[in-house]
Amino acid sequence: MPDHRYNHQAVEEKWLQFWDKERLFCDTDLALTPEEQKDKEYLLYAFAYPSGSGLHVGHVEPKTALDIQARFKRMTGKKVFFPVGWDAFGLPAENYAIKTGIHPRETTKTAIDTFRRQIKRLGISYDWSKEIATNHPEYYKWTQWIFAQLYRKGLAYQSEGKVNWCPSCQTVLANEQVIDGLCERCDSQVIQKNLKQWYFKITAYQDELIAGLQNVDWPAPTKSQQINWIGRSEGAQVDFAIKIAALPADKWPKLSIFTTRLDTIFGATFMVISPEKFEQQQLFAYLSSDKVTQVQAYITKAYQKTEETRKIGEKDKTGVDTGLLVVNPFNQEEIPLFVADYVLGGYGTGAIMAVPAHDERDLAFAQKFGLLVKEVVIDGRLVNSAEFDGLISSVAIEKMLASHPKVARRSVNYKLRDWLISRQRYWGAPIPIVYDPTGQAHLVKAEHLPWLLPNDVDFKPTGESPLRSSVEFKARVEKLYGKGWTPEYDTMDTFVDSSWYYLRYVSARDTKQFADQNTLKTWLPVDFYLIGEEHIVLHLLYSRFFTKFLRDEGYLDLPSGEPFAKMRHQGMILGPDGKKMSKSKGNVINPDEIIQEYGADTLRIYEMFMGPLEADKPWNPRAVAGVSRFLRKVYRLVNREIARHQNSSLSLLSDRQQLVQKLHSTIYKLTLDLPELKYNTAIAALMEFANLWEKMDADDVLLLKTEEIVAFIKLLAPLAPFIAEELYDQAKVLGFSAQKSVHLESWPAYDQALLQKEFTNLVVQVNGKLRAQFAWPTKNLTDQAAILNQAKNLEAMQKWLADKTIHKEIYVFGKIVNFVAS
RNA sequence: GCCGCGAUGGCGGAAUAGGUAGACGCGCGAGACUUAAAAUCUCGUACUAGCAAUAGUGUGUGGGUUCGAUUCCCUCUCGCGGCACCA
């Protein structure tokens, strides 16, 4: 059984109630004076989906890490804003509803209640007065309002196109939800379907989404993911002509290609067009009859493959010769035109010039079809390229563009596509659109927002949007807009909800606007965003897009348009076996059980002590017990010291300098480590202090002054808020000017003079190898001659220098002496 | 294939404007307290040789720069993550 002297269960529950009653971290006043604004600190943890299974130890780490920041920053006088909310719409709740018939609203509410209780139990100091949930009409009213703003600017539009469709989930999927051609959620084969869908025109911001990254403090891999996803690539478009014998040359149809390697154009030995583009450009008319059949057959077959399976068939190139010839405008060579699905319809112009000598894919295709390979760049310089021979590639490209302005022009391409936001699902925000009897789309009027999600729906997937089954929804539209009017039945992608939540936090209860402009100006950007590194590429792109859009509309005074100034990623907590925790592996650790056995303080400190925040770390059940030992030791030490202070016959130990120094160096260490999130080393420093304290602890003497005891308790407060509050409360009998809570205290200061010891240990090396050490008065560390002399004459050094000549003497201030000798 | 990250005792990890490698914790060993256990405390613990003092070796591999390299540069090996027919 654990030590009964510290009853973590009772103590933690007591302070939990106290903080709640006192509303200690709630009702943050967001109106700051210009002076206060310099100290604002907006701390944000990733928007969480309230899953039915409750809190996981993996959630505890980042929440605790930010909570420590919040508490530490408050103690150092910062104006901290630390809100919480729920990304509450989404598929899991709906799928659960399909299975059980329980309405998603109920399961979501239950899940949020559980999460809230668990998070409070951990002692996370969120401002619960600003809590939001995306499924509340007060929230999604403004999600819909943002849709309306985008629609008015032409940045929300409807378009018919091929989309990924999961036949089992009965909904559209985003590209990243398709893994190897299968649905991420249910592993069904994903098919391509032509549907009219709503899109947000994020591509309007593509260049700014790249440029803005220069001004944010984010991990480099996260930035490069953003850049790769946008996929900007500079190159040229070149017009080739299709040779039609029956027409004069100036009437030949043009076919444009996109290339980043214009310098290799003399090596183009064939051209390839994608099946989609071939159809779109209506090139069948130019084919001979037998070719029509062949090409048609190929295109039909290609369409049966999905976008994803096309990618898998990477190595095995397929295609068909059209029998047509195209003319290379640089050398007038006539080269064959192929249709092949290794060229994508949606990128560039959907057609390429194939240069097998300098492109792997073209080479593979050329080898399969027995086509010419012609080298045009050797050792970085052009050959076989007429007047461009001998130029380096970059120069050649410029000259080629300049000399052929009619057929070649600069061109920039992007991989980024517009954001498909329609979902044929129930549990999301309805798209605020109604259709008149002619099928024309109209925005739902502002006074009808929030455009409520109907209740009378059948969740069972039918291939159509569940909202179609609502009688109320249809009736509502006819009542408000007229007979024959119909609603949009699709809901919005939940990414829409989570792309602006950090703006809503500052005006969580505002019923007049999505957020107050002045408050936004005060608090944005978020100073520190902590979020896992998985699945954030789109969340970040979308959030940045929304922020920039709202800035451009004048709702947000944030010139950079970058919502997250600094971002870091927490690592994963792995199972004791070093593998990712999962129910099937049976290696899941339940935080409730750890709290039950050891308390929330132990759980917090343990997770922070495991290693660097960003690293993946395996759980070690025994090490948890070690942290628990440390906290009980601290409790004992402080208790004993307080008790001795109440015995007036005792006095301070005269020789306690070492402990006082250690206290100040510990304050110093934490003051440096905490803002840098180096919690593992901060905790190690606290342990060192406790170890020394324990070693010096004696029954008949006082070791620390009252203010020193309190200073130590304050150091503990951000990390272990419960035990710190308890010890602070107990220390009140010592009669210092106490606050209501240790968490309202100010951070302790360290005495610079006490950081330096009287003597410094200097190391003596010979040829870089440690041979001796000696203590030297710290105040004389500048006396190089004396130090070198002392080092040379150390007894331990004699055998190392005896029959040697010293060639060089090195002294590194306060650290080391090295003799180079032979 | 491309891009990025990483490799330190039995384990998690400390220490990098280049300067005592292994802080702190776990584990392990010995001891104190106890009738006993639990709890708690003390000492030890990179490896090799030695009773010891001490000496040698040591931060994935091989090399380089340097008086001195876990730290900087190059090579390779292994592991992890992301992207991937984007012309």
Side-chain angles (χ1 to χ4, degrees), chain A residues 1-5 219-225 227-229 231-233 235 257-262 264 272 274 310-317 340-344 346-355 358-362 364-365 413-416 533-534 537 572 574 576 578 605-606 609-612 614-627 629-630 632-633 636 678 680-688 690-691 694-695 697 761-773 796 799 806-821:
Chain A
M1 283 300 284
D3 189 342
H4 285 287
R5 280 173 292 179
T222 305
K223 283 189 184 184
S224 70
Q225 273 179 15
I227 289 166
N228 291 339
W229 195 271
R232 182 179 201 273
S233 101
I257 59 100
F258 172 73
T259 180
T260 54
R261 292 295 307 276
L262 182 59
T264 64
V272 186
S274 66
R310 256 167 83 165
K311 286 178 187 166
I312 296 166
E314 205 166 315
K315 282 155 213 142
D316 184 34
K317 301 264 183 295
D341 65 5
Y342 84 90
V343 172
L344 306 172
Y347 182 78
T349 62
I352 61 159
M353 64 173 194
V355 186
H358 303 289
D359 184 285
E360 260 180 66
R361 298 151 297 178
D362 295 346
F365 191 84
N413 264 289
Y414 298 85
K415 288 189 222 174
L416 183 70
E533 63 187 324
E534 292 173 314
V537 181
M572 219 187 303
L574 306 169
I605 298 238
Y606 170 63
F609 186 59
M610 290 172 87
E614 325 81 58
D616 294 344
K617 297 148 292 223
W619 188 270
N620 179 351
R622 292 183 189 269
V624 182
V627 167
R629 267 200 286 282
F630 161 66
R632 291 204 305 270
K633 180 192 287 186
R636 241 185 357 254
K678 291 181 179 173
N680 52 337
T681 50
I683 292 164
L686 288 171
M687 286 172 166
E688 282 187 57
N691 289 346
E694 177 154 67
K695 200 172 275 180
D697 187 57
N761 191 42
L762 291 177
V763 165
V764 187
Q765 296 181 336
V766 176
N767 296 329
K769 283 195 199 292
L770 171 70
R771 295 307 182 194
Q773 329 188 11
K799 66 172 173 175
I806 296 173
H807 304 293
K808 198 171 172 188
E809 300 177 355
I810 294 154
Y811 168 59
V812 180
F813 180 81
K815 282 186 175 151
I816 211 161
V817 171
N818 189 16
F819 296 114
V820 184

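Labels below follow one simple rule: chain letters A, B, ... track the order of the sequence lines, proteins then strands, and each chain is numbered from 1.
- Of all nucleotides present, none satisfies the Watson-Crick or G-U wobble test against B:rA84 with each distance under 3.5 Å.
- Heavy-atom distances to RNA chain B give each of A:R261 and A:N818 a nearest nucleotide, and the one nearer the 5′ end belongs to A:N818.
- A:M687 is listed as a side-chain neighbour of A:F609, based on a closest heavy-atom distance under 4.5 Å.
- Across B:rU34 and B:rU48, the matching C1' atoms stand 40 Å from one another, rounded to whole Å.
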Taking only nitrogen or oxygen atoms into account, show me every contact under 3.5 Å that the protein makes with nucleotides 21-27 of chain B, one pair per line with its distance.
| from | atom 1 | to | atom 2 | distance (Å) |
| --- | --- | --- | --- | --- |
| B:rA23 | O2' | A:E688 | OE2 | 2.8 |
| B:rG25 | OP1 | A:N691 | ND2 | 3.1 |
| B:rC26 | OP1 | A:R629 | NE | 3.2 |
| B:rC26 | OP1 | A:R629 | NH2 | 2.7 |

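- When the C1' atom is used for both B:rU8 and B:rC47, the distance is 14 Å, rounded to whole Å.
- Using a 90° window around 0 for the glycosidic torsion, B:rG68 falls outside it and is classed as anti.
- With a cut-off of 3.5 Å on both Watson-Crick or G-U wobble distances, the partner of B:rA21 is given as none.
- Across all strands shown, A:K815 has heavy atoms under 4.0 Å from sugar-phosphate atoms exclusively, and none from any base.
- Side-chain nitrogen and oxygen atoms of A:R636 include none within less than 4.0 Å of the OP1 or OP2 phosphate oxygen of B:rA39.
- Look at CG on A:D697: it is 11 Å from C1' on B:rC41, rounded to the nearest Å.
- Rounded to whole Å, the separation between the P atoms of B:rU71 and B:rA7 comes to 11 Å.
- Base pairing of B:rU40 is made with B:rA32, judged by Watson-Crick or G-U wobble geometry with both donor-acceptor distances under 3.5 Å.
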Query - Under 4.0 Å protein heavy-atom contact, by nucleotide of nucleotides 43-50 of chain B - B base, S sugar-phosphate only - result: S-------
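- Base pairing of B:rC5 is made with B:rG79, judged by Watson-Crick or G-U wobble geometry with both donor-acceptor distances under 3.5 Å.
- Nucleotides of RNA chain B nearest to A:V820 and A:N761 differ in position, and the one nearer the 5' end is that of A:N761.
- Within the nucleic acid shown, A:K799 comes within 4.0 Å of sugar-phosphate atoms alone, with no base atom in reach, counting heavy atoms only.
- Summarising the geometry, the separation between CD1 on A:I810 and C1' on B:rG18 is reported as 12 Å, rounded to the nearest angstrom.
- As the counterpart of B:rA49, B:rU54 is assigned, both hydrogen-bonding distances of the Watson-Crick or G-U wobble pattern falling under 3.5 Å.
- Listed nucleotides: B:rA39, B:rU20, B:rA87. Nearest to the side chain of A:V343: B:rA87.
- Geometrically, A:K317 does not engage A:F365 in a cation-pi contact, judged by NZ or CZ lying under 6.0 Å from the ring centre and within 45° of the ring axis.
- Between A:Y347 atom OH and B:rA87 atom C1' the separation is 7 Å, expressed in whole Å.
- Going from atom CG of A:L344 over to atom P of B:rA84 covers 11 Å, rounded to whole Å.
- Using atom C1' as the reference point in both B:rA17 and B:rG68, the two lie 16 Å apart (nearest Å).
- Distance A:D616 CG to B:rG6 C1': 11 Å, rounded to the nearest Å.
- Distances were taken from every side-chain heavy atom of A:R771 (C-beta onward) to each of B:rA87, B:rU20, B:rG56; the shortest belongs to B:rG56.
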